[in-house]
Protein chains: 2
Amino acid sequence: MVSELPTINLKAIGIVKNEITQPLKHGWEKVVSEVVVNPSLSEALDNLDEFSHIIVLYWMHRHLSGEAPTKVHPRGNREIPLKGVFATRSPNRPNPVGKATVRLLQRQGNTLVVEGLDAIDGTPVIDIKPYIPGYDSAANAGVPQWITEG
Amino acid sequence: MVSELPTINLKAIGIVKNEITQPLKHGWEKVVSEVVVNPSLSEALDNLDEFSHIIVLYWMHRHLSGEAPTKVHPRGNREIPLKGVFATRSPNRPNPVGKATVRLLQRQGNTLVVEGLDAIDGTPVIDIKPYIPGYDSAANAGVPQWITEG
């Protein structure tokens, strides 16, 4: 069954515009970005501004599929021992899809203005979803110590 | 710029196995599923069981791209007025990628046992990430009333 894993074809629905041309180590929280959506999908953004936060799925296009290591040092910090890549948020993963929860500041036509999106200028966007606390968050979630170190 | 939206090719990394053959209206929270990952990626799951919760991105393969309406009735409930599809979690969206936060019960080799994954048997999995509260959740997030109605 696993030997029949399918190939999946997506078409980007929009693109990130901001002033960030190289990934930041810190400070994404305050970055303001525009998510410019294909004008033909503009109506699909209606009602989104009734939510304070949204989820953005995006394609980390500088990281190609199929070239990912199975283990990485979290945040590129060699002082932290290697971890399985699925236990990290490294962009260097089998399918380099990023997922961010961001504040929605404004919607104008086919453009969303968001705060906290950790994606560089020109990043293709795959999907936009409303953030729903009872569904998207987990109470009392446990994480290992290395996730907050370094 | 938006006219040059790229096509994105992904290869599923695994597949969902459970007893659910048709989407449920309610009750996903208690569904236990296996996520069986390509054996060549088994090592990439190391350290994931140090987290209580994980995020699963999956391909809602019964919903084809490019056929999505821009507006839908949330949860198929016609008593709720049409909303922009990106303001809903409808699977019938331009790129039918699902995102679930689930409890990780167990990891054995290339198999994860999870609780609360709202995906039917045979669903292809795109990515697995650790759930990190400070990054993935938003405090005091606001949602409209219709999201919890009906």
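None of the values given here were measured: they were computed from a predicted structure. Naming: A, B, ... by sequence-line order, numbering from 1 per chain.
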Worksheet item: CD1/Ile126(B) to CG/Leu5(A) distance, rounded to the nearest 0.5 angstrom?
Response: 12.0 Å
Discussion item. Which heavy atom of Ala138(B) sits nearest to which heavy atom of His53(A), and what is that distance?
Written reply: CB-CD2, 3.4 Å
Worksheet entry | Heavy-atom contact with chain B under 4.5 Å, split by part of Ile128(A) | both
Worksheet item: Tell me, do Thr101(A) and Ser137(B) make a side-chain contact under 4.5 Å, heavy atoms counted?
Response: no
Practice prompt. Using a 4.5 Å cut-off on heavy atoms from C-beta on, say whether the side chain of Leu41(B) contacts that of Pro94(A).
Written response: yes
Worksheet item: Quick one: what part of Leu45(A) sits under 4.5 Å from any heavy atom of chain B, side chain, backbone, both or neither?
Response: both
Fill in: same_hphob_cluster(Leu104(A), Val125(A)) at 4.5 Å side-chain heavy-atom cutoff
yes
Worksheet item: Side chains of Arg93(B) and Ile13(A): closer than 4.5 Å at any heavy-atom pair?
Response: no
Fill in: Atom of Pro6(A), atom of Pro124(B) and distance for their closest heavy-atom approach
CG-CG, 3.6 Å
Practice prompt. Give the member of Ala44(B), Ser90(B), Gly142(B), Ala100(B) that has the highest number of heavy-atom pairs under 4.5 Å with chain A.
Written response: Ala44(B)
Fill in: Under 4.5 Å from a heavy atom of chain A, the part of Pro144(B) involved
both
Discussion item. Is there a side-chain contact between Lys99(B) and Asp136(A) in this structure, where contact means two heavy atoms from C-beta onward sitting under 4.5 Å apart?
Written reply: yes
Worksheet item: Using a cut-off of under 4.5 Å for heavy-atom pairs, which of Leu82(B), Asn140(B), Asp49(B), Val97(B) has the most such pairs with chain A?
Response: Val97(B)
Discussion item. Taking the side chain as everything from C-beta on, heavy atoms only, tell me whether Trp59(A) gets closer than 4.5 Å to Leu10(B).
Written reply: yes
Item to complete: For Ser52(A) and Ala141(B), work out which heavy atoms get closest and say how close.
Response: OG-CA, 3.3 Å
Worksheet item: Can you name the nearest heavy-atom pair linking Pro130(B) to Ala87(A), along with the distance?
Response: CG-O, 3.3 Å
Discussion item. With a 4.5 Å cut-off on side-chain heavy-atom distances among I, L, V, M, F, W and Y, is there a chain of contacts connecting Ile120(A) to Val31(A)?
Written reply: yes
Worksheet entry | Test item: Phe86(A) and Ile54(B) side chains (from C-beta on) under 4.5 Å apart, heavy atoms | no
Worksheet item: Between Ile8(B) and Lys11(A), does a side chain to side chain contact (heavy atoms under 4.5 Å, CB included) hold up when you go through it step by step?
Response: CA-CA 6 Å; Ile8(B) 296 161; Lys11(A) 168 87 174 160; over 6 Å; no
Item to complete: Determine whether Val143(B) and Glu50(A) make a side-chain contact, defined as any pair of heavy atoms from C-beta on separated by less than 4.5 Å.
Response: no
Practice prompt. Answer with side chain, backbone, both or neither: which region of Ile55(A) has an atom nearer than 4.5 Å to a non-hydrogen atom of chain B?
Written response: side chain
Worksheet entry | Transitive ILVMFWY side-chain link Leu48(A) to Val114(A), under 4.5 Å | yes
Discussion item. Does any backbone or side-chain atom of Ser40(A) lie under 4.5 Å from a heavy atom of chain B? Answer side chain, backbone, both or neither.
Written reply: backbone
Worksheet item: Taking 4.0 angstrom as the limit, do Asp127(A) and Arg89(B) come out as a salt bridge?
Response: no
Fill in: Side chain / backbone / both / neither for Ser42(A) at chain B, heavy atoms under 4.5 Å
neither
Worksheet item: So what's closer than 4.5 Å to chain B heavy atoms on Asp118(A): side chain, backbone, both or neither?
Response: side chain
Discussion item. Within the structure provided, determine whether Ile147(A) and Phe51(B) are in side-chain contact (heavy-atom separation under 4.5 Å).
Written reply: yes
Item to complete: Measure distances from Lys83(B) to the heavy atoms of chain A and classify the residue's part below 4.5 Å as side chain, backbone, both or neither.
Response: both
Practice prompt. Check whether any side-chain N or O of Asn9(B) sits under 3.5 Å from a backbone N or O of Asn9(A) as a donor-acceptor pair, and report yes or no.
Written response: no
Fill in: Part of Lys129(A) lying under 4.5 Å from any heavy atom of chain B
both
